[in-house]
Each structure stands twice: as C-alpha cells, then as structure tokens.
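Presented below is the structure to which this report refers.
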Amino acid sequence: MSAVTAGATRARQAPVGGGGFPRLLPPPAPHPPPHAPFTNPSSPGADLRAHLGLHGPVPYRGDAGALIGEVRAAGLTGRGGAAFPVHRKLEAVAAARPGRAVVVGNAAEGEPASHKDEALLFLAPHLVLDGLQLAAEAVGASRAVLYVREDLGARTRLTDYLPERDAYGLDRLPVEIVRAPHRFLAGEESALASRVSGGPAVPQFAPPRVFERGVDGRPTLVQNVETLAHLALIARYGPGWFRSLGTPDEPGTMLCTLRQASGSVDVAEAAIGTPLATLLDLSVKGDGEVGGAVLVGGYHGAWLPAAQAASLTLSNAELRPAGAFAGAGVLAALPADRCGVIESARVARYLALESAGQCGPCRSGLPSIAAAMAELANVGGWGGGRGPHPRVLDDLSRWAGLVEGRGACHHPDGTVRFLRSALGVFGPEIRLHQQGRCSAAAGQPFLPVPAGPVTEADWS
Ligand SMILES: Cc1cc2nc3c(=O)[nH]c(=O)nc-3n(C[C@H](O)[C@H](O)[C@H](O)COP(=O)(O)O)c2cc1C
Ligand code: SF4
C-alpha cells in the first residue's frame, strides 16, 4: 500500500485536526452537500475555542520572512488552480519595502462546479484566518483582506468571527472583508486586485503582475483560502508533517468537489496521489451509471475517458500528460444517460457569456465557439434533422487556434482546453449527432451552469 493510499484510508479513522487526517475538514468525510448550505456549522473548526484547543494559538514567528523557508521545505503549492509554489510568491512580495504589501485570501470561488472553498469557510474558517495572518507576517504586509464571494459572505459567519478573534488577541492585522461578485473571472488575481482597489472585478492587462503592483498599486500576495489553511498547519506541525501525505513532488492534501454520476455532490479532502477511482465511483451500474467520461479540473479543465481516469491519480504528474490537471479539485463523472456534447455546449455558452469582453478573442471568438458547440449539440439542426453542418468541426478548430494565447488573461486558453478535450472524448457522440441522433436518454442538465446573461453592474 502506498503512502497515498494509506492517507486516504486514514481519512476514515484518524481524529480530526491536531495534525491528523483529514487535515482541514472534520470527519466523517465526505461532507454534506454544499448545496444544502451550512447555515449552522457545528464543526469544531468553526468554534474558536475548540479550534484553539485543537491547534493552539496562531504561531507567529516574530519576524517577516521567518516562515518562508518552512513553506519552501513543505513544498506547498497554491490550491486555487495553478499549483504555483507558494514560497516563490512569498519571497517576491516579501522583497517589497516593509509595510507596503497587501495580503488577500481568495474565496471568490467563481467556478460553478466547485464548492471546496465554501465548505472550508463553513467548516474551518479559523484555519483560513490564521493562515491569512501568518502569510501577512511572512511578507511584512500592513493590510489583510478576505475576498469572499457575495453569497458566501452573507451565509458564513465570518464577520462574527473577527471580533471574537480580536477578543482573544489572535489577529495582528485587522481583516477587511471585500465582496466578490459571483462571476467566473472574479477570482482571477488581477480582477481581484481591481475589485479590492474599488474597481470592477475584471482582469487587468499584465504586466505588472499583482505581486509587483496589485491592490492600490501595492505589492500584493494573493492566495487561495485553502492554501492559507494549509500554511496555518505547516506553521504548526512543520514541513515534515506536511510531506507525510501526498507524493514527493506534490506533497500534502487537497480539497476536492466530487460530483458523482448518481447526482450526489460532496467535498472531500484527499492526499495528492489518491487514485481517482477511490474518489469518484466510476463503476456504478443502473441508475447513475457512468457515461464514459470524467471532467477533471472544472470548466477550464478537461474531459477524460472514464476508463483512462480510472487508471490515474489525483496528481498533476499523472494528469498533465493526459491533457488534464488537478486545478481546484473539481471531479465530475458524467452519467451514462447524458450527452457530453450537450453538456460541453452548455458550459461553452456559459464561458463565452462570462468573458469580460475586453479582448478580441473573448468578444468574437468565444461566442463563435459557443454557437458552433450549440450547433454540434443540436441533432435536429442543419438540413432538417440531419444534425450539425459538416463545416462546424473545422470552424471550431480554426477558432480555437485563433483565440488561444491571445487574451489578456487565461480565460480563452482554459476555454479552448475544455473544448478540445470535449471534441476528442466525445468524438463518437459527435459522429452520432452528425447523423441526426443523440445517445442521451435523459434531458436534464448535469453540470451546474448559473443562469445568465449578466450586466456590467455584476462586475462590482
Ligand atoms: C479565469 C480565472 C479564474 C480564477 N478564479 C479563481 C478563484 O475563484 N479562486 C481562486 O482562489 N483562484 C482563482 N484563480 C487563480 C488566481 O488568479 C490566483 O492564481 C490564485 O488565487 C492564487 O492563489 P493560490 O496560488 O493559492 O492558488 C483564477 C484564475 C483564472 C485564470
Ligand atoms: S481574455 Fe477575455 S476574460 Fe480575459 S481579460 Fe480579455 S476579454 Fe476578459
């Protein structure tokens, strides 16, 4: 049994927190579906006294920079999607003039299929708040902000926790909570910096990057809230403990949103390197049978054939060669009675509507891609029930090439990755559509897509 499998097994046995497993979330895992909101969290992680009893006080180091070496040794990478090494951002921001830097915890969670930050804020908010303070100390920041998706801000008790923490003298910097609009791009770091500076939450044109000039033109450290929670544990239990789960190259655990073919949605914590087949039920028979494909990494991620997914683990080392990546931990098993082309067309339309419309690729390319995907999905289309126009596939690959790498942010690239994987994995279904047929037995949508369209006012 590998260390990783042992970690996944221990999830069911070990006590909560205190360096046990799960590390961030309380057992039993998986947790109640996030669409049934955690309005009254009874988790020890949400109770300040229980949190302090379990993990002790915030372990400040007393010196800016002192924690950075431990984070480097731990090998912590960002859990917001890109898996960028955290110590490198800490070092870059710490190099700024003392007192200039701003630290922002990113809880925008704009990805509709992800609920892991939502679950974390309900179940372990104090780990996030501890991590925010420790990151602020590490880079010598004078301002700490929590950027929280608007509906989460209203439903979590974050604003109640702050005076409570104050009473215990836990926070060295006051924490401002800034509302993030519920938009796909609102959590992109330059959009975040714009919003926290009082502007709209739309991506800005880089460079400079936010670690150089972000919020109000100041060097800004942006970390996903899960990353901050891991940092708070590394500061307490050390790099060796952190590395005791995961793989040598991708240490630690990560939160995943698991959307099963049966329709259930859970947030679970898994050691990196856990087999995908232990997280998703890829062998369901009867109602909820898996439909041959798994979406990995969310709407900027990629579809994989279910059989291939079943042979892979939750790690970028294995997923990247297959054209996917772990991203923010979204895993969704398409049910057998749904059509992957229709699902992909719905997501493509959503992604096109969510673009900030500032650059050519998004203004014209993404709507064209979405329209072509809609045509592919429409089996009653061209020539009276003869399926999509034969030209559509050529158009799609041409437009994908035209938008890729041409935006100010990665939105067009992520959309193209998703699209190309759909065209590859659902090739047989596309051929069926070209004959005016579809294999789907059920019409109701599977992947969550918020209602649109939206207006400019929705960016603030
Ligand atoms: C289109 C787009 C949307 C993003 N949305 C989020 C988000 O909702 N939450 C988040 O933490 N990071 C999001 N990111 C990543 C952020 O830009 C940034 O890299 C991240 O917050 C850094 O934190 P981490 O290094 O701890 O992951 C997004 C990136 C892109 C390109
Ligand atoms: S690439 Fe698209 S989403 Fe990104 S800034 Fe340009 S218009 Fe906006």
Side-chain angles (χ1 to χ4, degrees), residues 71 76-90 92-93 103-118 120-121 128 131-132 135 145-150 152 180-196 200-206 209-211 214 220-231 252 254-255 257 297-301 325-330 350-367 369 402-418 456 459:
V71 174
L76 176 64
T77 55
R79 300 302 198 242
F84 191 79
V86 175
H87 74 270
R88 286 181 42 199
K89 282 206 288 197
L90 293 172
V93 179
V103 170
V104 186
N106 192 349
E109 196 155 57
E111 163 73 60
S114 176
H115 296 282
K116 59 108 178 165
D117 293 336
E118 174 179 2
L120 182 66
L121 287 181
V128 173
L132 186 68
V145 176
L146 208 51
Y147 180 65
V148 187
R149 204 178 70 208
E150 48 197 345
L152 299 186
H182 195 171
R183 302 293 305 267
F184 190 79
L185 293 168
E188 191 277 334
E189 62 184 9
S190 66
L192 167 155
S194 168
R195 176 75 190 99
V196 177
V202 294
Q204 305 299 297
F205 294 85
R209 301 284 310 277
V210 296
F211 69 84
T220 301
L221 177 77
V222 179
Q223 300 288 177
N224 174 256
V225 282
E226 182 191 341
T227 312
L228 293 173
H230 286 293
L231 185 140
M254 66 183 284
L255 300 179
T257 308
Y299 296 173
H300 274 181
F325 67 113
V330 169
Y350 163 73
L351 292 174
L353 286 170
E354 283 296 299
S355 105
Q358 304 182 113
C359 319
C362 277
R363 259 200 315 273
S364 48
L366 296 193
I369 285 174
L402 286 175
V403 304
E404 201 173 23
R406 301 255 165 82
C409 77
H410 294 303
H411 187 50
D413 305 347
T415 305
V416 165
R417 179 171 37 240
F418 174 84
E456 276 188 20
W459 292 106

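Counting starts at 1 for both ligands and their atoms, in listed order.
- Residue contacts with ligand 2, taken as heavy atom pairs separated by less than 4.0 Å, do not involve V202 at all.
- Scored by the side-chain hydrogen bond (donor to acceptor under 3.5 Å, both in side chains) test, E111 finds no partners at all (sequence neighbours excluded).
- For the atom pair OG1 (T227) and CG (N106), the distance works out to 9.0 Å, reported to the nearest 0.5 Å.
- Inspection of the T415 and R417 side chains reveals no N or O donor paired with an N or O acceptor under 3.5 Å.
- The CG atom of N224 lies 11.5 Å from the CD atom of E189; values are rounded to the nearest 0.5 Å.
- Around atom 6 (Fe) of ligand 2, the protein N, O or S atoms closer than 2.8 Å are C359 SG, listed by chain and residue number.
- Under the 30°/60° scheme for interplanar angles, the aromatic rings of H411 and H300 are found to be tilted.
- L185 approaches C409 most closely through the heavy-atom pair CD2-SG, 4.3 Å.
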Write out each pair where an N or O from ligand 1 and one from the protein are under 3.5 Å apart, with the distance.
unit_1: ligand 1; atom_1: 8 (O); unit_2: E109; atom_2: N; d: 3.3
unit_1: ligand 1; atom_1: 8 (O); unit_2: G110; atom_2: N; d: 3.1
unit_1: ligand 1; atom_1: 11 (O); unit_2: N106; atom_2: ND2; d: 3.3
unit_1: ligand 1; atom_1: 11 (O); unit_2: N224; atom_2: ND2; d: 2.9
unit_1: ligand 1; atom_1: 12 (N); unit_2: N106; atom_2: ND2; d: 3.3
unit_1: ligand 1; atom_1: 17 (O); unit_2: E189; atom_2: N; d: 2.9
unit_1: ligand 1; atom_1: 21 (O); unit_2: N106; atom_2: ND2; d: 2.9
unit_1: ligand 1; atom_1: 23 (O); unit_2: N224; atom_2: N; d: 3.0
unit_1: ligand 1; atom_1: 25 (O); unit_2: K89; atom_2: NZ; d: 3.0
unit_1: ligand 1; atom_1: 25 (O); unit_2: Q223; atom_2: NE2; d: 3.2
unit_1: ligand 1; atom_1: 26 (O); unit_2: Q223; atom_2: NE2; d: 2.8
unit_1: ligand 1; atom_1: 26 (O); unit_2: N224; atom_2: N; d: 2.8
unit_1: ligand 1; atom_1: 26 (O); unit_2: T227; atom_2: OG1; d: 2.6
unit_1: ligand 1; atom_1: 27 (O); unit_2: R79; atom_2: N; d: 3.4
unit_1: ligand 1; atom_1: 27 (O); unit_2: G80; atom_2: N; d: 2.7

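- Nearest non-hydrogen protein atom to atom 3 (S) of ligand 2 is L185 CD1, 3.4 Å.
- The structure places CD of Q204 at 12.5 Å from CZ of R195, a figure rounded to the nearest 0.5 Å.
- Paired with V225 under the rule side chain to side chain contact (heavy atoms under 4.5 Å, CB included), one option of V104, L146, L132 passes, and it is L146.
- Looking at residues two or more places apart in sequence or on another chain, you find a side-chain contact (heavy atoms from CB on, under 4.5 Å) between P361 and C359, V403, R406, P412.
- Note that CD of Q223 is 7.5 Å distant from CG of L76, once rounded to the nearest 0.5 Å.
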